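One-based numbering along the sequence shown. These numbers were taken from a predicted model, which means no experiment stands behind them. Only heavy atoms go into these numbers, but all of them, side chains included; no hydrogens, no water, no symmetry mates.
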Amino acid sequence: MDRHDWQRGKSRGHRRYDDDDDEAQPVYIGVPAAHRRKRRRHHSCAGDADRESRHAHYDHQVHREHSHRGYYHDREEHYDDEDGGAAHHDYIDPAVSPAAERLRHILGDDDNMPTPTIFTEMDTLQHEGGELEWKESARWVKFEEKVEEGGERWSKPHVSTLTLHSLFELRTCLQTGSILLDLEGYSLPQIVDDIVDRQIADGLIPPELKEKISFVLLRKHRHQTKKPIHRSLADLGKSSNAASIRLAGSIAPQKIYAPGSQAALADCLKNKFMKKIPRDAEASNVLIGEVDFLEKPFVSFVRLAQATTLGGLTEVPVPTRFLFILLGPHGKTKSYNEIGRAIATLMVDDLFSDVAYKARDREDLIAGVDEFLDEVIVLPPGEWDPKIRIEPPKKVPSAEMRKSVMNLNELGQMNGSASGAAGGEDDELPAPHELGEELKFTGRVGGGLWLDIKRKVPWYCSDIYDGFHIQSISAVVFIYLGCITNAITFGGLLGDATDNYQGVMESFLGTALAGTVFCVFGGQPLIILSSTGPILIFEKLLYEFSKSNSIDYMELRLWIGLHSCLQCFILVISDASYIIKYITRFTEEGFSSLISFIFISDAIKKMVGALKYYPINRGFKPDYITSYKCDCVPPDQAPLSDDNMTLLFNLTDWSQMSKKECVKNGGLLVGNACKYVPDLALMSFILFFGTYSMTVSLKKFKFSRYFPTKKGCGYHLDLLWVGILMAVCSFMGLPWYVAATVISIAHIDSLKMESESSAPGEQPQFLGVREQRLTGILVFVLTGLSVFLAPVLQFIPMPVLYGVFLYMGVASLSGIQFWERIKLYLMPAKHQPDFSFLRHVPLRRVHLFTLVQLVCLAVLWILKSTFLAIIFPVMILGLMVVRKMLDMMFSQHDLAWLDDILPDKDKKKEDDKRRKKMKKVVEA
């Protein structure tokens with residue numbers, strides 16, 4: 001077969017891209033529609049019948065005109081049943097592609113052995129100083145890294161973008177080249193001999209080319225991570241201390257030695273890139289090159305029976321399991337490189353790598369390529385710049401979804417259903433929040449508390465010694481700074497709201513006491529107890545209520561604390577923590593929005609009030625500064641009872657007295673500057689907005705909403721200790737403390753355990769949380785010792801705390817779906833963000849749901865402004881009632897996207913589905 005036949009065989013009806021065609025825009029990967037095909041019986045690549053079949057298939061492929069129709073026709077013929085047996089004509093689901101059908105059988109024989117991670121390296125043949133050498137050009141662990149054009153550094157990891165043409169060419173290569181599966185290979189020279197011998201036996205190359213091809217494949221390899229290796233691969237068998245090591249140009253090229261010298265392995269072991277590769281990884285080497293002695297491409301795909309370390313073939317000491325070799329005539333460098341990138345990308349694909357390990361013959365590999373083609377996405381060439389490198393996603397989709405699609409006999413579709421809104425009812429629902437067994441109602445008195453104790457006691461010793469880890473030190477420092485900042489802020493604001501009945505000192509002592517006790521005995525010791533926004537608002541409203549009704553604030557507060565403690569005991573004994581299941585996003589966002597708006601309004605009110613105490617001196621004129629004065633003059637003379645007092649009065653220099661001394665001694669302040677006050681308002685606003693801006697800039701933490709715990713939860717045990725601590729703090733006149741969401745999540749986040757090795761560009765895998773009690777105990781002990789900072793803390797200006805107050809209000813609104821839906825009222829449809837709920841819920845229903853929440857928020861705000869403000873925590877129950885009534889206004893589908901489905905409704909929906917299923921079975 002000549003060179004022109006090869007070009008026609010790989011074209012497949014697609015545009016040909018020559019190296020000198022700079023105007024050609026490649027088409028990037030897409031999802032072709034699935035086509036119906038039948039399966040073909042498997043063939044072994046080792047038999048003579050298979051060789052004859054491949055010869056006929058090879059000649060048939062390269063001597064016909066291909067088009068898109070021809071390509072899919074070829075796929076259909078490829079999976080056709082040759083013997084026509086009735087056993088092979090089973091019913092094939094039209095919704096599943098033949099490739100997926102075949103792979104389901106391949107991957108169905110799962111031996112529960114995990115597939116090793118594949119590290120792929122692509123080397124290209126280069127001419128350096130008149131000599132041939134293999135030079136590393138790209139590598140893959142999960143994402144692609146290229147050697148930059150300067151050749152001095154690696155590019156950032158990025159998602160591989162392949163031309164659709166290269167995938168079809170790769171498919172042709174696998175159809176027409178030699179496939180060696182489970183080859184017994186111990187050294188590269190032996191493997192190369194077996195590859196070339198197979199090509200000769202299959203009649204793909206003449207025997208006289210064996211020496212030339214072997215010579216090329218055994219040239220030296222130069223890797224990007226270290227200095228050029230001036231030794232041929234054939235020299236690797238020599239002793240590392242041999243004095244006869246010379247440059248590659250002076251070594252007889254025909255001398256081939258077994259690779260694997262200690263020097264080559266030592267260089268590989270020094271490679272820091274090994275930290276990014278899992279220990280059980282295996283290598284896939286892709287060799288791409290152009291030579292002048294071939295008229296048609298030389299293609300071979302090899303899977304070794306056992307992974308073998310082949311010396312310096314790979315830049316890291318990872319045993320090689322797969323080899324893909326493509327040598328071709330000159331003039332198609334770009335095309336060959338794209339084919340190499342295509343096979344390298346497929347080798348690191350989770351599903352195709354499974355296929356590569358379990359493939360029984362050529363057809364299985366081609367089915368893997370077809371499945372890959374069924375899942376890719378096309379980007380039109382005129383609407384996207386192919387030079388753009390796509391950043392790796394923060395969360396990589398799992399290949400299990402694609403495997404489950406094959407098991408369910410259906411193909412997933414990207415970006416929603418292909419049928420659109422008119423295709424019928426949208427049955428897609430968001431992933432529900434999973435509730436653990438800790439929130440199940442036991443029906444026994446104190447049953448939940450007893451289960452919490454049984455769940456936590458076996459882990460108590462572990463909770464102590466697990467804290468002796470280097471990670472705990474950074475967590476303690478980080479959370480300690482957060483706790484004292486929180487204590488200073490809320491302590492200052494409490495003092496301002498309660499006329500210093502409670503302040504910074506009480507905040508430090510209370511935080512240390514409550515936090516330490518909770519970390520020692522609580523059910524979830526990673527939770528940080530602290531003053532929170534709702535507690536601060538309640539204290540403010542309680543003080544205003546006491547003051548307006550002439551009630552002793554501290555006494556009333558004591559009785560409220562004891563009553564709250566009693567309520568907590570009743571909830572614990574009655575196993576009532578399960579009620580939390582009925583608090584959905586509607587209730588959470590309504591209450592959170594109320595607290596946020598209170599924060600924002602109070603912070604602004606405080607700053608506006610500063611203008612009353614320190615008004616701006618608008619009448620001040622710098623030119624008349626000499627006329628501004630204020631003198632202290634003695635009061636009118638009056639008869640004094642004592643002669644000594646009269647003498648002291650006459651001898652006092654009233655002009656030298658300070659303002660306070662003058663007023664204290666009964667003097668009078670005379671002058672146009674006596675009523676002057678400094679312009680503190682402007683400076684206060686600078687501190688206010690400056691603090692807010694700095695807090696927004698510094699607060700860059702990214703938290704997850706849920707963290708799985710391996711030691712179980714303890715809701716009832718936590719509630720018990722919160723009630724006890726509330727009573728103790730009420731007796732001691734200390735602030736009340738509950739779980740602080742932000743600091744608690746920060747504490748958990750600082751103790752996350754992640755995988756040490758991760759592919760470049762891939763986020764480390766979450767392994768769990770280092771659950772223990774030691775860090776919390778140390779944090780609160782240090783917080784208690786911080787009371788000695790009180791003399792310094794008094795110099796913190798209140799506008800700084802108000803700026804933090806404003807930030808807490810604004811930050812609480814970010815990430816709330818309610819707030820995002822409010823902004824939709826002001827946006828035209830074409831400018832609205834691509835929220836998931838807008839894909840599944842009509843916009844008018846979204847606006848109606850938002851309107852209900854706005855009405856509820858307005859009612860809560862009005863109640864907060866009346867004498868009923870003291871009962872505002874009870875408003876949560878009111879929101880739960882409103883949420884229950886929404887089931888009559890909205891469908892469960894809409895509520896699943898805009899809110900959460902109530903547990904009873906979820907169960908009812910499952911029962912309805914079960915009835916419908918049974919009805920269909922009966923009708924059938």
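Here the CG atom belonging to L838 is positioned 10.5 Å from the CD atom belonging to E820, to the nearest 0.5 angstrom. Distance check: Y825 OH to L854 CG gives 6.0 Å after rounding to the nearest 0.5 Å. The OG atom of S593 sits 8.5 Å away from the CH2 atom of W819 when rounded to the nearest 0.5 Å. Going from atom CG of D602 over to atom CE of M607 covers 13.5 Å, rounded to the nearest 0.5 Å. Residue C856 holds its SG atom at 9.5 Å from CG of L851, rounded to the nearest 0.5 Å. The distance from the CG atom of L895 to the CE atom of M889 is 10.0 Å, given to the nearest 0.5 Å.
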- Task: Just do the side chain to side chain contact (heavy atoms under 4.5 Å, CB included) check on Q524 and C713 with the steps written out, would you?
- Result: CA-CA 6 Å; Q524 297 169 115; C713 302; 3.5 Å; yes
- request: May I have the step-by-step check of side chain to side chain contact (heavy atoms under 4.5 Å, CB included) for K540 and L493, ending in yes or no?
  value: CA-CA 9 Å; K540 176 178 177 294; L493 295 173; over 6 Å; no
request  = Start with the C-alpha gap between Q853 and E589, add the side-chain angles, then the distance that decides, and say whether side chain to side chain contact (heavy atoms under 4.5 Å, CB included) holds.
outcome  = CA-CA 9 Å; Q853 283 188 290; E589 292 185 346; 3.8 Å; yes
Before you tell me yes or no, could you show the steps for M753 and V769 under side chain to side chain contact (heavy atoms under 4.5 Å, CB included), namely the whole-Å CA-CA distance, both residues' side-chain angles and the distance that decides it to 0.1 Å?
CA-CA 6 Å; M753 296 182 294; V769 177; 5.8 Å; no
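Residues V810 and S596 have side chains not in contact (no heavy-atom distance under 4.5 Å, counting atoms from C-beta outward). Contact of the H893 side chain with the H840 side chain is registered, since non-hydrogen atoms from C-beta on lie closer than 4.5 Å. Residues L536 and S531 have side chains not in contact (no heavy-atom distance under 4.5 Å, counting atoms from C-beta outward). No side-chain heavy atom of M880 sits less than 4.5 Å from a side-chain heavy atom of K884. Residues V348 and F143 are not in side-chain contact: their nearest non-hydrogen atoms beyond the backbone lie 4.5 Å or more apart. In this structure, F441 and I579 have side chains that are not in contact, with every pair of non-hydrogen atoms separated by 4.5 Å or more. Between W736 and F538, some side-chain heavy-atom pair lies under the 4.5 Å cut-off. Side-chain contact check for L164 versus L373: some heavy-atom pair is nearer than 4.5 Å.
Remark: F890 engages F849 in a ring pair (Phe, Tyr, Trp, His ring centres under 6.0 Å) (not counting sequence neighbours). Among residues two or more places apart in sequence or in another chain, the side-chain hydrogen bond (donor to acceptor under 3.5 Å, both in side chains) test is passed with T850 by R821. Partners of Y715 under the ring pair (Phe, Tyr, Trp, His ring centres under 6.0 Å) rule, at least two apart in sequence or in another chain, do not exist in this structure.
For M885, the CE atom sits in a loose shell: 12 or fewer heavy atoms of surrounding residues, nucleotides or ligands are nearer than 6.0 Å.
In summary, K142 and D350 engage in a salt bridge, as defined by a charged side-chain N under 4.0 Å from a carboxylate O. Salt bridge absent: E144 and R389 never bring a charged side-chain N and a carboxylate O closer than 4.0 Å. Salt-bridge annotation for E588 and R585: absent, with no side-chain N of the basic residue lying under 4.0 Å from a carboxylate O of the acidic one.
With hydrogens and angles disregarded, a donor-acceptor distance shorter than 3.5 Å links the side chain of H158 to the backbone of K156. Between the side chain of T532 and the backbone N or O of A740, no donor-acceptor pair lies under 3.5 Å. Between the side chain of D894 and the main chain of R845, no donor-acceptor pair closer than 3.5 Å is present. In this structure, T587 contributes its side chain and I583 its backbone to no donor-acceptor pair below 3.5 Å. Formation of a donor-acceptor pair under 3.5 Å by the H747 side chain with backbone atoms of L526 is found in this model.
Y802 and D496 share a donor-acceptor pair across their side chains, judged by distance under 3.5 Å alone.
Nearest approach of P799 to L687, heavy atoms of both residues: CB-CB, 4.1 Å. Shown here for P393 and V159, the closest heavy-atom pair between the two residues is CD-CG2, 4.2 Å. For G522 against D718, the heavy-atom pair with the smallest separation is C-OD1, 3.7 Å. Listed here is the closest heavy atom pair of L879 and F586: O-CE2, 3.6 Å. Contact record, S601 with W861: OG-CH2, 3.4 Å, taken as the closest heavy-atom pair. Among all heavy-atom pairs drawn from I816 and S592, the shortest one is CD1-OG, 3.6 Å.
Taking the six-membered ring for Trp and thresholds of 30 and 60 degrees, F688 and F685 have ring planes more than 60 degrees apart, a perpendicular arrangement.
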